[in-house]
Amino acid sequence: MDDDDALAGRSRLEAVAYRMLGSADEAGEAVDEALRESERLATVGGRPLDTLARICLERLRARETHRTAPWDPWDPWDTPAERPGPGTTPTGPPDPALLAALEALTPPERLAFVLHDLFDVPYEEIAPVLERTPAAARQLAARARHRVRGTEEMPEPDPARQRETVAAFLAAARDGDSEALLALLDPDVALRADPTAVRAGMRTAHGAGTVALALAGPIREARQALVDGAAGLVLTRGGRPDTVFAFTVLEGRITSVDVLADEGHLGRLTVRPLTENSNTAP
């Protein structure tokens, strides 16, 4: 590889890392680490992009674990996010609106969206980095696309199974069955809470163990519900939704939970309580 090719390759890696991490300095550190690691793994076929993706994913997970600020799920949607044309590769600093929108994603969602939607990396190449199937990588990118752009229906390949998973999670919380709770949570699950939910005592969390602890108590009195058509739970007060738990389920495991209690947020949702044990609206 000549100097021009090397510079072009590094430029692309930096563009990926910047969109993955949201910081030019951190992106540069990640690229340096990836190139060093790729040189070490050159004899076994290590690719710089794969190595960079894994490094960024680890950094995003560490960041999620230490997240303390309340989360506003609609704030990033107030401005349009970057939309590259077909076959184009983003270069230079990313659109600030895009970076704001990407902060609403879980680490796996962000990786799948950035690599596939912004850099045309096939799902078959993204899946090994995430340690998931290509179909699961596709679903993560679709979920991210829905969060970032807010213009597409969130795909629900098996809504009945998703409702069953949430119902089983609720039953495990009521029974105090910690093993069942953990079994239903993805190891990389993220729990986000808006400001009102945080003031009421809900905390953000990342990872199956911490998310199970954070949710086991608060959801015991909740009812099953459809939240904008997707599986969820709701706590009511005076016959009206007081707190909503919106779940994302992928291949039978919960990958994210959004806890919404702000009046403004609840007003933007369509919440339909379900009849217990039947998963049908009353």
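If you read the sequence from its start, that first residue is 1, and numbering goes on from there. In this text, all values refer to a predicted model and were calculated from it rather than measured experimentally.
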If I take atom CG from residue Leu170 and atom CD from residue Glu221, how far apart are they, to the nearest 0.5 angstrom? 9.5 Å

Mind telling me whether Tyr123 and His116 have parallel, tilted or perpendicular rings, with 30° and 60° as the class edges? parallel

Counting only N and O atoms by type, is there a donor-acceptor contact under 3.5 Å from the side chain of Arg220 to the main-chain atoms of Ala173? yes

Evaluate the side-chain proximity of Val166 to Val249: yes if any heavy-atom separation is below 4.5 Å, no if none is. yes

Can you confirm whether Leu215 sits close enough to Val257 that some side-chain heavy atom of one is under 4.5 Å from a side-chain heavy atom of the other? yes

Decide yes or no for Leu98 and Leu118: does some side-chain heavy atom of the first lie under 4.5 Å from some side-chain heavy atom of the second? yes

Residue pair Arg199 / Thr196, side-chain donor-acceptor N/O under 3.5 Å: yes

Please examine the side chains of Phe113 and Arg143, heavy atoms only from C-beta on, and report whether any two atoms are closer than 4.5 Å. no

Roughly how far, to the nearest 0.5 Å, is OH of Tyr18 from OG of Ser23? 7.0 Å

Could you verify whether a donor N or O on one side chain and an acceptor N or O on the other, from Glu64 and Thr106, lie under 3.5 Å apart? no

Does Arg10 reach the side chain of Val31, with side-chain heavy atoms less than 4.5 Å apart? yes

Hey, could you give me the CG/CZ distance between Leu140 and Arg110, rounded to the nearest 0.5 Å? 14.5 Å

Going by an N to O cut-off under 4.0 Å, is there a salt bridge joining Arg63 and Glu103? yes

For the CG atom of Leu60 and the CD atom of Glu26, what is their distance to the nearest 0.5 Å? 8.0 Å

Sub-3.5 Å donor-acceptor pair from the side chain of Thr236 to the main-chain atoms of Gly239, do we have one? no

Consider side chain to side chain contact (heavy atoms under 4.5 Å, CB included). Of Asp120, Leu52, Val129, Leu49, which one does Leu115 pass it with? Leu49

Answer yes or no: is there an ion pair linking Arg59 with Glu29, defined by an N-O contact shorter than 4.0 Å? yes

What's the separation between atom CD1 in Ile219 and atom CZ in Phe247, rounded to the nearest 0.5 Å? 5.5 Å

How many angstroms lie between atom CG of Leu250 and atom CD of Gln139, to the nearest 0.5 angstrom? 6.5 Å

State, yes or no, whether a side-chain contact exists between Leu213 and Arg203 at a heavy-atom distance under 4.5 Å. yes

Ignoring hydrogens and geometry beyond distance, is a side-chain donor-acceptor pair present between Arg192 and Thr204 at under 3.5 Å? no

Within the side chain of Asp194, is there an N or O that forms a donor-acceptor pair under 3.5 Å with the backbone of Ala261? yes

